[in-house]
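Quick caveat: nothing in here was measured; it's all calculated off a predicted structure.
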Amino acid sequence: MSGRKETVLDLAKFVDKGVQVKLTGGRQVTGTLKGYDQLLNLVLDEAVEFLRDPDDPLKTTDQTRQLGLIVCRGTAVMLVSPTDGTDEIANPFIQPDGA
């Protein structure tokens, strides 16, 4: 048995790589993961926030805001995913008009 505790989320493989982070309240940022701790506090460099739609705060728009170097508090982090290897696709569950 090793002295190191196994964690469910191993972020070490994402250090110095692009990640997308979704936060509570609907905010979404992308950036380069520079560091993290056991409480899931994240340090992102060259961070970009995707601004939300003023009519529907749960939807993001194509507008962005450059943030630079930021710290995402672990209690606010809901999702961390790599930006490499992910593509946006059309929603297959939307019914075409007239159906």
Side-chain angles (χ1 to χ4, degrees):
M1 182 180 233
S2 70
R4 184 171 175 259
K5 240 183 176 179
E6 290 290 324
T7 59
V8 174
L9 183 62
D10 185 19
L11 292 174
K13 58 188 168 192
F14 299 127
V15 172
D16 290 327
K17 293 191 172 77
V19 293
Q20 176 179 351
V21 180
K22 290 192 179 185
L23 305 166
T24 55
R27 282 188 162 179
Q28 182 174 330
V29 296
T30 61
T32 305
L33 181 65
K34 290 297 184 182
Y36 64 95
D37 65 9
Q38 70 273 15
L39 299 176
L40 207 60
N41 296 313
L42 306 176
V43 177
L44 299 179
D45 196 11
E46 300 170 1
V48 177
E49 178 183 8
F50 291 90
L51 299 178
R52 293 179 283 183
D53 187 347
D55 299 327
D56 186 358
L58 297 178
K59 286 186 180 178
T60 58
T61 64
D62 291 334
Q63 295 177 320
T64 60
R65 180 171 71 150
Q66 299 293 324
L67 300 176
L69 184 68
I70 63 168
V71 175
C72 298
R73 189 166 175 177
T75 55
V77 173
M78 293 187 348
L79 176 112
V80 179
S81 66
T83 54
D84 290 341
T86 58
D87 292 320
E88 187 172 338
I89 62 169
N91 187 342
F93 301 106
I94 293 179
Q95 296 293 325
D97 292 339

Write down the atom of [X], the atom of [Y], and the distance for their closest heavy-atom approach.
X: Y36; Y: A12; answer: OH-N, 3.3 Å
X: G74; Y: N41; answer: N-OD1, 2.7 Å
X: F50; Y: T61; answer: CD2-O, 4.1 Å

To the nearest 0.5 Å, what is the distance between [atom1] on [X] and [atom2] on [Y]?
X: E49; Y: Q66; atom1: CD; atom2: CD; answer: 11.0 Å
X: Q28; Y: L79; atom1: CD; atom2: CG; answer: 8.5 Å
X: R73; Y: L39; atom1: CZ; atom2: CG; answer: 9.0 Å
X: E46; Y: T32; atom1: CD; atom2: OG1; answer: 4.5 Å
X: K22; Y: T24; atom1: NZ; atom2: OG1; answer: 13.0 Å
X: D62; Y: D53; atom1: CG; atom2: CG; answer: 10.5 Å

Check your understanding: Hey, does L11 have a side-chain heavy atom less than 4.5 Å from the side chain of L42?
Key -> yes
Count the heavy atoms belonging to other residues, nucleotides or ligands that lie under 6.0 Å from CG of N91, then report whether that count exceeds 12.
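More than 12 heavy atoms, drawn from other residues, nucleotides or ligands, come within 6.0 Å of this atom.
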The single option from V43, I70, V15, V71 that satisfies side-chain contact (heavy atoms from CB on, under 4.5 Å) with K34 is V43
Checking side-chain contact (heavy atoms from CB on, under 4.5 Å) between V29 and each of V48, T64, L44, which is the one that passes?
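Testing each of V48, T64, L44 against V29, the sole residue satisfying side-chain contact (heavy atoms from CB on, under 4.5 Å) is L44.
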